[in-house]
Asks: 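My structure is below; once you've seen it, I'll send some questions.
Side chains included, hydrogens not; waters and symmetry mates left out as well; all remaining heavy atoms used. Just follow the structure's listing: the first ligand is 1, and inside any ligand the first atom is 1.
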Amino acid sequence: MSGHATPIPMTARASGPLNGVAEVPGDKSISHRSLILGALSVGETRISGLLEGQDVLDTAAAMRAFGATVERVGDGEWRIRGVGVGGFCEPDNVIDCGNAGTGVRLIMGAMATTPITATFSGDASLRSRPMGRITDPLALFGARAYGRRGGRLPLTIVGAADPVPVRYVSPVPSAQVKSAVLLAGLNAPGETVLIEAEATRDHTERMLAGFGASIFTEITPEGRVITLRGQPELRPQAIAVPRDPSSAAFPVAAALIVEGSDVLVPNIGLNPTRAGLFDTLREMGADLVFENPREEGGEPVADLRVRFSPTLRGIEVPPERAASMIDEYPILSVVAAFAEGTTIMRGVKELRVKESDRIDAMARGLEALGVRVEEDADTLIVHGMGPGGVPGGATCETRLDHRIAMSFLCLGMASKRPVSLDDGGPVATSFPGFEGLMAGLGATISRDEG
Ligand code: S3P
């Protein structure tokens with residue numbers, strides 16, 4: 001689906017204490033990978049807890065187009081009959097990945113070493129995002145890409161007929177680039193090696209190992225060196241998708257800034273390559289307690305108890321933490337607005353090429369809501385106004401970006417005056433039950449007349 005048709009204006013108002021249990025949806029990164037790896041296995045993969053947001057539904061449709069049988073059998077319960085590594089058939093129409101950068105980039109990798117041709121497109125946000133970071137390494141395998149200026153979508157990939165394995169040093173800290181290379185390496189003979197200077201989320205490596213691929217990671221002075229042996233037979237799996245820490249971030253942040261709140265977020269994924277936000281919030285003085293730490297499906301999980309934290313203080317977030325919380329800077333900048341002092345976020349230029357330019361989207365929105373910010377190409381600085389100190393009282397642009405939308409709605413639950421969005425529709429890409437879940441905790445969010 002290429003974007004929702006009609007904008008959905010929304011408003012969040014000062015809310016009573018948030019209380020209760022926040023059952024956030026399944027992890028988006030793991031959901032995409034479950035469908036793609038299920039489609040590349042021989043036999044039936046069973047998934048529970050799949051995120052049924054539009055991004056992931058678009059990946060499910062894409063896997064069908066490449067020949068896998070994909071069935072929804074219950075809430076979050078899915079079955080996939082895969083076609084095996086190298087078994088993708090040529091789709092007979094354009095693959096529409098909607099808003100999903102992860103979907104399109106991983107799928108391009110997964111098909112690039114099979115001798116088929118596929119054309120990819122998406123919504124206005126996805127069509128504006130750089131794809132050269134994916135098509136450059138895929139060319140080394142022997143795939144060819146024909147896109148719009150700057151390698152943008154719509155883009156056609158002609159898969160390599162005789163793929164060769166690749167050794168690739170990723171020039172950007174991106175799990176999507178890493179994953180595209182590893183998925184392409186699956187159907188190349190011999191060993192594909194991916195080197196990343198900074199650790200990015202490692203779900204692809206963990207899940208490939210779970211599906212039976214030979215893959216190992218060495219920590220060297222050059223960075224993480226990941227070696228994958230090509231042309232394995234992937235074995236179908238039963239996958240229980242943990243809840244998404246990036247989605248949990250929204251009720252967690254709202255509880256921290258809304259007076260009197262006390263919220264439990266059960267069963268959230270705490271993979272260390274994803275959990276940087278929680279370290280940062282604790283350094284700011286947030287009242288977070290992890291209960292029942294355990295391992296589920298190869299991923300660490302725990303229940304997170306969060307309480308209103310009236311003495312948050314601004315900090316400098318270490319830039320080396322950026323990859324482990326890259327999707328959480330928008331909501332962190334909201335929490336920072338309610339802290340005392342200044343929060344400095346450096347090393348965040350990747351935010352400029354997400355679903356929107358997230359530095360610009362947050363800076364403009366926060367300014368409109370009465371918060372002082374500074375920015376440069378790679379930095380966002382928020383000058384906190386203390387608990388209850390943010391004026392609010394403006395309409396923010398969401399720019400087809402779900403995380404920008406949810407961040408400003410959370411801000412509006414604690415600001416003096418309401419916060420409106422031009423379009424809350426993008427929330428459904430990653431967190432379809434967001435409004436209901438937040439209302440259940442005590443938040444006041446309304447849909448406005450268009
Ligand atoms: C993702 C990787 C990140 C992240 C995105 C999900 C993934 O993107 O922002 O939401 O599932 O691999 P980059 O790899 O481009 O940083």
Asks: Would R105 count as a polar contact of ligand 1, with the cut-off being nitrogen or oxygen pairs under 3.5 Å?
Replies: no
Asks: Given V172, T102, D55, D202, which one has a non-hydrogen atom that is nearest to atom 1 (C) of ligand 1?
Replies: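 Checking each option, the heavy atom nearest atom 1 (C) of ligand 1 is found in T102.
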Asks: Any donor-acceptor pair under 3.5 Å linking the side chain of Q237 with the backbone of R235?
Replies: yes
Asks: Would I326 count as a contact of ligand 1 if the rule is a heavy atom under 4.0 Å away?
Replies: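 Contact check I326 vs ligand 1: positive.
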Asks: Is it true that the side chains of T200 and K178 contain a donor and an acceptor less than 3.5 Å apart?
Replies: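 Short answer, yes.
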Asks: How far is atom 15 (O) of ligand 1 from its nearest protein heavy atom, and which residue and atom name does that atom have?
Replies: S174 OG, 3.1 Å
Asks: For L106, is at least one N or O under 3.5 Å away from an N or O on ligand 1?
Replies: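 For ligand 1, there is no N or O atom that lies under 3.5 Å from one belonging to L106.
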Asks: Among V73, I30, I80, which one satisfies side chain to side chain contact (heavy atoms under 4.5 Å, CB included) with I47?
Replies: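 Exactly one option meets the side chain to side chain contact (heavy atoms under 4.5 Å, CB included) with I47, and it is I80.
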Asks: Only counting residues at least two apart or in another chain, list the ones meeting side chain to side chain donor-acceptor pair (under 3.5 Å) with E71.
Replies: none
Asks: Starting from atom 4 (C) of ligand 1, which protein heavy atom do you reach first, and at what distance in Å?
Replies: D327 OD2, 3.3 Å
Asks: Picking from K28, H32, Q54, R33, what satisfies side chain to side chain donor-acceptor pair (under 3.5 Å) with T59?
Replies: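 Going through K28, H32, Q54, R33 one by one, the side chain to side chain donor-acceptor pair (under 3.5 Å) with T59 is satisfied by H32 alone.
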Asks: Examine the side chains of N99 and R129 and answer whether a donor and an acceptor come within less than 3.5 Å of each other.
Replies: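 Looking only at side-chain atoms, R129 and N99 do not form any donor-acceptor pair under 3.5 Å.
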Asks: Between the candidates R201, R129, R33, K354, which shows the shortest non-hydrogen contact distance to atom 8 (O) of ligand 1?
Replies: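 Selected option, by shortest heavy-atom distance: K354.
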Asks: Can you find an N/O atom of E350 closer than 3.5 Å to an N/O atom of ligand 1?
Replies: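 There is no such contact.
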